[in-house]
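For reference, the structure is listed below as structure tokens.
Numbered from 1 within each chain, the chains take letters A, B, ... in sequence-line order.
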Amino acid sequence: MGARGETWLWLLQRATAVVLAFAVLVHLATLIYAVRHGLSAAAILARTEGNVAWLGFYLLFATAAALHAGVGLRTVLREMTPWRGAAADLLVLLLAALVAAAGWRAAFGLFA
Amino acid sequence: MSWRSRNHPNYWAFALHRLSGLLLALFLPLHFWALGTAIEGEARLAGFLRWSDEPLVKLAEVGLVVLLAAHLAGGLRLLAIEFLGWRRWQKTAVALSAGASFAVGLAFLLSVF
Amino acid sequence: MTGTLRVSVWRGAAAGRLVEYEVPAQESQTVLDVVSHIQRHLDPTLSYRFACRVGMCGSCAMSVNGVPRWTCRTHVRRVARDGRLELRPLANLPVIKDLAVEMGEFFAKWTRAGGAFVPAPGLGPDFARVAPDAPARQAASAGIECIGCGVCYAACDVVRWNEEFLGPAALNRAWTLLNDVRDGAGAARLGAVAGDAGCHACHSQQSCALHCPKHLDPTAAIAGLKRATAMAALRGAL
Ligand code: SF4
Ligand code: SF4
Ligand code: FES
């Protein structure tokens, strides 16, 4: 990947970081709320089922997390292992896609 | 390779950011998968939530929330250095990140136990 | 301080060993004084570099008790531990012999980072007028006192991990030129410093800024390059 591609990856990493910063705060806040109020599984699902806003939120959250983790892992691999080049990039991309897919599955599970 | 030249707050902040990032990246697929599977049935989600009542699982969760908070705070610090051109504030930024992640971890700890 | 200093010095090239010397301690004594004492009185075959002895030329840097420093302006009393010094060649550079390292690649990277001034077209023979308080002038001023000593380069992990990485000094130089209104090579320079060999590889560890003997802040310069190159990429101009 050339200098331009690396610059775009760097930008992607920062953009997803900003999305994640907000999403993580919302996620933690809801988590603490649910635990404090002793919400049951049924109560949680009752609030998320059919709620497009929560669906959108968790789809965005999972996608950003998968991309952010992918770019980060790629950097760590390149710096701390002999792994670099197109093959390693492809593998990281595949991993990110799998993580995103697992995240979407969970998000749709909450929705439907 | 000498550790003495690396023993300063910003280096430790980097090391913590990398370690927490790696652990979170490993945990992320597990988290998604477990949740996705649990959610498939309400009963299973209830089972999942009950399972997460186990003290050990709870402790692991608290650890993860602390990791998440640390990575978040460290990331905000990086964004400040890169986009706001922070210089002199750097030490303050490291301290603030550490404090913030500690506080979040503590709040979570208090709320789950 | 009186008595004797016990000084371990790296002898050899990549393969070599530490050899211990005893050097009389003095009240006011720099690390370079200690090295010179060894070379003049104990072992004339010891190789090391220095020129100005006053912190201007940047040739005397070594690893002192594990920390990269300019030795001509480092007082023994500030860095000795229990009367001991351990002197090694600068890290991240090939060792030629003893305390002398090969700086060729370090400076080649300055060239690759677009470190040479290129007059803007139409600059004319007259002096350029640059307001001292203009933001660009101030950004350039913050970085132009670099003496090319290589201390930052030796302190940086990314240099260790990524042999293509241009390093803090070369990138700092590029940033000063980018802020020089008389320079005309800005666009090409942004291309040279972007990406994995350039500014975007830096993790803001700030070992460079902490150890730079001139108290420069290459991290801040590199952050400036990150913003400038990212903006160029967004504009489609990279
Ligand atoms: S701030 Fe960047 S250039 Fe400086 S030591 Fe750290 S990684 Fe290297
Ligand atoms: S930036 Fe500082 S440490 Fe690096 S070469 Fe220049 S003077 Fe030396
Ligand atoms: S001898 Fe010139 S800087 Fe030390």
Side-chain angles (χ1 to χ4, degrees), chain A residues 1-25 27-28 56 59-100, chain C residues 91-92 109 111-115 153 155-168 170-171 174-175 178 185-205 207-208 219 221-238:
Chain A
M1 192 166 309
R4 191 181 301 130
E6 298 282 350
T7 306
W8 278 109
L9 281 187
W10 181 86
L11 266 170
L12 178 69
Q13 186 74 334
R14 270 63 189 172
T16 51
V18 173
V19 171
L20 288 172
F22 288 108
V24 161
L25 287 181
H27 190 54
L28 283 183
L59 284 182
L60 180 71
F61 191 7
T63 311
L67 289 173
H68 191 80
V71 180
L73 269 180
R74 176 177 179 271
T75 306
V76 176
L77 283 181
R78 288 168 71 88
E79 287 181 348
M80 301 188 141
T81 74
W83 272 44
R84 48 195 71 189
D89 287 356
L90 217 67
L91 186 87
V92 170
L93 191 67
L94 201 73
L95 269 175
L98 282 177
V99 172
Chain C
N92 295 342
K109 285 178 173 177
T111 312
R112 265 184 266 153
Y153 193 83
C156 175
D157 266 355
V158 180
V159 172
R160 253 165 62 83
W161 290 333
N162 175 354
E163 64 180 61
E164 295 298 312
F165 182 49
L166 296 167
L171 292 171
W175 176 242
L178 208 65
R189 192 171 292 116
L190 281 182
V193 300
D196 191 39
C199 59
H200 295 112
C202 161
H203 293 306
S204 304
Q205 290 171 350
S207 294
C208 53
T219 314
I222 295 171
L225 291 177
K226 286 171 177 168
R227 292 192 296 272
T229 43
M231 285 302 159
L234 286 173
R235 283 198 313 270
L238 192 68

Q: Go through the atoms of A:M1 and report whether side chain, backbone, both or neither lie under 4.5 Å from a heavy atom of chain C.
A: neither

Considering non-hydrogen atoms only, spot the tightest contact between [X] and [Y] and give its length.
X      : Y      : value
C:D196 : A:R78  : OD2-NH2, 2.7 Å
A:A3   : C:A194 : CB-O, 3.7 Å
A:W10  : C:A230 : CZ3-CB, 3.7 Å

Q) If you count heavy-atom pairs under 4.5 Å with chain C, which of A:E79, A:E6, A:M80 comes out on top? A) A:E79

Q | Atom pair CG/CE of A:L11 and C:M231 - distance to nearest 0.5 Å | A | 8.0 Å

Q.
What's the separation between atom CG in C:L234 and atom OG1 in A:T7, rounded to the nearest 0.5 Å?
A. 10.0 Å

(Q) Please classify the contact between C:A232 and chain A as side chain, backbone, both or neither, with a heavy-atom cut-off of under 4.5 Å. (A) neither

Q: Flag yes if more than 12 heavy atoms outside A:R14 fall under 6.0 Å of its CZ atom; otherwise flag no.
A: yes

